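Notes follow once the structure below has been shown.
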Number of protein chains: 2
Amino acid sequence: MKPESRKEEIIRAASILFKEKGYSAVTMRDLAKAMGIKAASLYNHIQSKQEILSTIIIDLAEEFTSGMNQIVISDKNATEKLENIISLHIDVTLRNSDGLASLNNDWMHLEEENLQYFEKMRQDYEESFRDIVKKGIEEKEIKSFNVEIIVFSTLSTLRTLYLWYPKQNNIDASILKRDMISVLLKGIV
Amino acid sequence: MKPESRKEEIIRAASILFKEKGYSAVTMRDLAKAMGIKAASLYNHIQSKQEILSTIIIDLAEEFTSGMNQIVISDKNATEKLENIISLHIDVTLRNSDGLASLNNDWMHLEEENLQYFEKMRQDYEESFRDIVKKGIEEKEIKSFNVEIIVFSTLSTLRTLYLWYPKQNNIDASILKRDMISVLLKGIV
DNA sequence: GTATAAAACTAACAATTGTTAGTTTTGTTT
DNA sequence: AAACAAAACTAACAATTGTTAGTTTTATAC
């Protein structure tokens with residue numbers, strides 16, 4: 001592993017604080033104290049508080065976008081694609097559960113350009129998800145429930161993993177994947 | 001319907017703003033502007049910003065606590081109890097989806113006394129939920145999956161209803177209940 | 001119409017906010 | 001040890017924050 005730059009350390013510390021109190025309630029002085037330095041010193045490494053937020057969120061959103069795109073173009077049936085989506089969410093959650101709090105709760109504090117970029121990615125992601133479910137229903141792989149409800153209920157669980165996973169003591173990733181697939185898919189497929 | 005007091009109007013307006021930007025990012029001047037008055041005038045009706053937040057959250061939490069307690073003591077099997085929990089969440093969401101945003105995302109900004117009170121209620125709620133699922137598994141009503149995962153996945157969906165429901169155009173409550181019960185329970189029972 | 005209560009207003013406060021400028025310290029390379 | 005870059009510091013700023021005090025307007029009751 002290459003050593004973490006000071007900037008990356010700051011972003012990681014910020015992710016933890018943002019998770020605890022939300023972006024708006026965390027001050028640069030809070031963040032500095034967590035780093036053991038003064039607030040002004042942070043600006044040797046970052047440009048603004050906003051840059052920290054956008055780095056956290058956009059990086060994660062691009063990870064999901066890229067992962068989803070690979071799943072979409074893959075030569076799999078709907079059920080397997082849904083399994084891969086579950087797997088994607090679990091992988092990202094294990095790697096960066098703190099950052100996901102910002103993605104879920106503080107995206108609206110992004111500024112103009114990044115806000116639009118983020119909203120586009122989220123919309124495309126949901127669209128891809130919906131299309132996979134629709135295809136699955138057409139192919140009789142998935143039960144013919146209301147599509148919106150299936151997408152919503154599945155996605156809401158996956159999106160909330162970041163809150164739940166850290167409270168479980170070291171549940172194994174592969175076991176988690178198997179169980180999540182059971183609970184989320186066995187009901188609808 | 002009895003007319004809404006000025007204080008209730010303020011709390012309702014605050015719920016909407018808190019949902020959009022979170023408690024910390026909403027200023028008393030924002031809230032005043034939404035009410036068409038000056039910030040100082042708000043204080044003729046409320047004691048503090050904190051009072052608004054705690055009113056929104058504690059009222060809702062008590063509603064859930066009371067609803068859950070009735071379900072727990074009822075003479076129903078586990079499946080029926082879970083159906084009633086789903087129904088409870090949908091009812092509360094239809095009545096006050098804005099306030100639920102604060103309950104879900106801004107509870108950590110409650111101050112000492114109310115924070116403890118809230119956390120106790122939430123803990124008890126989850127405990128009751130878990131007990132119902134456990135009992136259901138013992139009675140062979142519910143499949144023997146990991147209890148934590150069942151509770152987490154179901155509850156995460158119910159807790160996120162407040163975000164999803166307002167975007168659906170007037171989906172009927174009874175239809176929603178039937179479909180949610182299908183999607184959430186058919187997989188595990 | 002005069003008195004009373006409700007609800008708005010103006011003006012200001014002390015504290016906190018993100019950020020900048022300029023300087024000093026720390027650590028590494030020659 | 002001299003030079004240089006990285007990373008910390010102090011001090012301050014302009015703007016914004018929740019809130020208070022005191023006053024005026026608006027609506028209701030007698």
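Just so it is clear, the structure is predicted and the values come from calculations on it, not from any experiment. Lettering of chains follows the sequences in order, A, B, ..., and the numbering in each one begins at 1.
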Inset, instruction - Determine, for nucleotides 4-9 of chain C in 5'-to-3' order, which nucleotides have protein heavy atoms under 4.0 Å from the base (write B), from only the sugar-phosphate (write S), or from neither (write -). - result: ---SBB
Inset, instruction - Would you mind reading off the distance between Ile10(A) atom CD1 and dA6(D) atom P, rounded to a whole angstrom? - result: 15 Å
Legend entry - Short side-chain donor-acceptor distance under 3.5 Å, Gln116(B) and Glu112(B): yes
Inset, instruction - State which of dA12(C), dT20(D), dT19(C) makes the closest approach to the side chain of Arg29(B). - result: dA12(C)
Legend entry - Whole angstrom value for the distance that separates P of dA6(D) from CD1 of Ile46(A): 17 Å
Inset, instruction - Nearest whole angstrom, please: distance from the P of dT17(C) to the CG of Asp30(A). - result: 7 Å
Inset, instruction - Quick one: sort the Phe64(A) and His89(A) rings into parallel, tilted or perpendicular, breaks at 30° and 60°. - result: tilted
Inset, instruction - Take the protein atom NZ of Lys49(B) and the nucleotide atom C1' of dT17(D), then report the distance between them rounded to whole Å. - result: 8 Å
Inset, instruction - Could you state whether Leu184(B) and Ile175(B) fall into the same hydrophobic cluster, counting links through intermediate Ile, Leu, Val, Met, Phe, Trp or Tyr residues with side-chain heavy atoms under 4.5 angstrom apart? - result: no
Inset, instruction - Would you kindly give the CE-to-C1' distance between Met28(B) and dT16(C), to the nearest whole Å? - result: 17 Å
Inset, instruction - Return the set of residues passing side chain to side chain contact (heavy atoms under 4.5 Å, CB included) with Ala61(A) (not counting sequence neighbours), or none when no residue passes. - result: Leu103(A), Phe118(A), Met121(A)
Legend entry - Protein-nucleotide distance (Glu111(B), atom CD; dG18(D), atom C1'), rounded to Å: 12 Å
Inset, instruction - Output yes when Lys76(A) and Glu141(A) qualify as a salt bridge under the 4.0 Å nitrogen-oxygen rule, no when they do not. - result: no
Legend entry - Donor-acceptor pair between Ser156(A) and Ser156(B) side chains, under 3.5 angstrom: no
Inset, instruction - Mind calculating the distance between CG (Leu53(A)) and C1' (dT17(C)) to the nearest angstrom? - result: 17 Å
Legend entry - From dT17(D), dT20(D), dG18(C), nucleotide with atom closest to Thr27(B) side chain: dT17(D)
Inset, instruction - For Gln50(B) and dT19(D), give me the distance from atom CD to atom P, rounded to whole Å. - result: 9 Å
